[in-house]
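Each remark here refers to the structure printed beneath this line.
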2 protein chains.
Amino acid sequence: MDTQLKRGLLDICVLAAIKTEDSYGYKIIKDIKPYMTMSESTLYPILRRLEEAGHLTVRSVEHNGRLRKYYHLTDAGRQKLKDFAEEWKEIMEIYEYVIREGNDNE
Amino acid sequence: MDTQLKRGLLDICVLAAIKTEDSYGYKIIKDIKPYMTMSESTLYPILRRLEEAGHLTVRSVEHNGRLRKYYHLTDAGRQKLKDFAEEWKEIMEIYEYVIREGNDNE
DNA sequence: CGATATACTATGCCACGCGAGGTATATCGT
DNA sequence: ACGATATACCTCGCGTGGCATAGTATATCG
């Protein structure tokens with residue numbers, strides 16, 4: 001269940017979480033929870049990295065006297081999601097290689 | 001192409017490479033090359049970790065005056081491959097979440 | 001009135017991928 | 001004859017990155 005396999009999907013999940021509409025840290029974690037658990041100390045560095053990479057932009061909004069940061073997917077971020085769909089083909093080839101039954105034994 | 005996504009598949013790929021018959025480091029790298037590139041400094045630590053975890057056993061064989069280490073998949077290792085097939089279902093759910101078109105915009 | 005939910009941040013550990021470099025033999029091209 | 005390439009193993013050390021821990025601050029719920 002730890003599945004470090006999922007670790008390769010962390011970034012892309014965050015991008016997916018803000019695909020439909022802008023969102024903020026706490027909500028992103030809740031939204032993706034059905035698919036994977038991500039702690040805050042994992043998410044926020046990812047958000048900062050994605051921002052630096054130009055995949056999203058940040059906008060601070062006052063909320064209950066505190067700042068809430070809304071993240072918005074950029075065109076580059078959207079492209080990243082498309083690239084991911086392409087890369088997935090290679091991933092599936094690896095998957096099929098792995099589950100392919102040995103030709104003889106077992 | 002760097003695709004840290006593939007990093008989650010490194011271990012499992014190595015196990016798959018010795019699934020049909022025992023193999024050794026250099027050959028494993030060549031065998032999985034069509035699917036992913038793995039450097040030696042990545043593979044050998046993985047092999048040691050998999051051995052410590054009991055997923056494979058090692059046997060040294062003299063070859064051209066040098067030792068060649070053959071790696072053999074254990075039952076535990078075979079189980080790991082089966083577990084992987086199960087975990088993959090969760091991975092596919094994440095994949096579908098990511099590529100699912102937003103309900104409204106875009 | 002303490003616990004829980006909301007919401008963001010900083011610090012520091014440890015796992016790990018991988019580049020770089022080391023050793024040694026065999027083979028192949030020129 | 002000799003350098004390059006392939007085979008085959010190994011170690012060291014850097015940088016990235018996931019995540020536990022802990023801190024700050026408000027609102028709500030039992």
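Hydrogens, waters and symmetry mates are skipped; everything else that's a heavy atom, side chains included, is used. So you know, we letter chains A, B, ... as the sequences are listed, proteins then strands, and number each from 1.
A close approach under 4.0 Å does occur between a side-chain nitrogen or oxygen of B/Arg7 and OP1 or OP2 of C/dC18. The shortest distance between the side-chain N/O atoms of A/Lys30 and the OP1/OP2 oxygens of C/dA5 is not below 4.0 Å. One finds no side-chain N or O of B/Lys27 lying less than 4.0 angstrom from the OP1 or OP2 phosphate oxygen of D/dT7. For the pair B/Arg48 and C/dC16, the criterion of a side-chain N or O lying under 4.0 Å from OP1 or OP2 is not met.
Relative orientation of the B/Tyr70 and B/Tyr24 rings is perpendicular, given thresholds of 30° and 60° on the angle between their planes.
Residues of residues 34-45 of chain A having a heavy atom closer than 4.0 Å to DNA chain D, listed by number: A/Ser39, A/Ser41, A/Thr42.
Rounding to whole angstrom units, CG of residue A/Asp11 and P of D/dG17 are separated by 8 Å. Taking atom CD of A/Glu51 as the reference point, atom P of C/dT9 lies 10 Å away to the nearest angstrom. Distance CD (A/Glu52) to P (D/dT16): 11 Å, rounded to an integer number of Å. What separates CD1 of B/Ile46 from P of D/dC9 is a distance of 15 Å, to the nearest Å. We find that CD1 of A/Ile29 is positioned 11 Å from P of C/dT6, with the value rounded to whole Å. Atom CG of A/Leu50 and atom P of D/dG18 are 10 Å apart (whole Å). If you take NE2 of B/His63 and P of C/dT23, they are 22 Å apart, rounded to a whole angstrom. Straight-line distance from the CG atom of B/Leu47 to the P atom of C/dC18: 14 Å, rounded to whole Å.
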Verdict with supporting geometry, B/Arg59 and B/Thr57, side chain to side chain contact (heavy atoms under 4.5 Å, CB included)
CA-CA 7 Å; B/Arg59 166 176 50 101; B/Thr57 53; over 6 Å; no
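Using a distance-only test at 3.5 Å, with no hydrogens or angles considered, no donor-acceptor pair links the side chain of B/Ser60 to the main chain of B/Lys69. For the pair A/Lys19 (side chain) and B/Val98 (backbone), a donor-acceptor distance under 3.5 Å is present.
Considering only side-chain atoms of A/Lys69, the nucleotide from D/dG18, C/dC18, C/dT9 that sits closest is C/dT9.
A salt bridge is defined here as a Lys NZ or Arg NE, NH1 or NH2 lying under 4.0 Å from an Asp or Glu carboxylate O, and A/Glu90 with B/Lys6 meets this definition.
Rounding to the nearest 0.5 Å gives a distance of 11.0 Å between OG1 of A/Thr42 and CG of A/Leu47.
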Paired and unpaired positions of DNA chain D as dot-bracket, Watson-Crick or G-U wobble under 3.5 Å, | denoting a partner strand:
||||||||||||||||||||||||||||||
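Remark on DNA chain C: of its neighbouring residues B/Arg66 and A/Arg66, the 5'-side contact belongs to A/Arg66, judged by nearest-heavy-atom nucleotide.
Put simply, the side chain of B/Arg49 reaches to within 4.5 Å of the side chain of B/Asp11, judged on heavy atoms. Looking at B/Leu10 and B/Arg7, their side chains come closer than 4.5 Å, going by heavy atoms from C-beta outward.
Defined by atom type and a distance below 3.5 Å, a donor-acceptor pair is missing between the side-chain atoms of A/Asp75 and A/Gln79.
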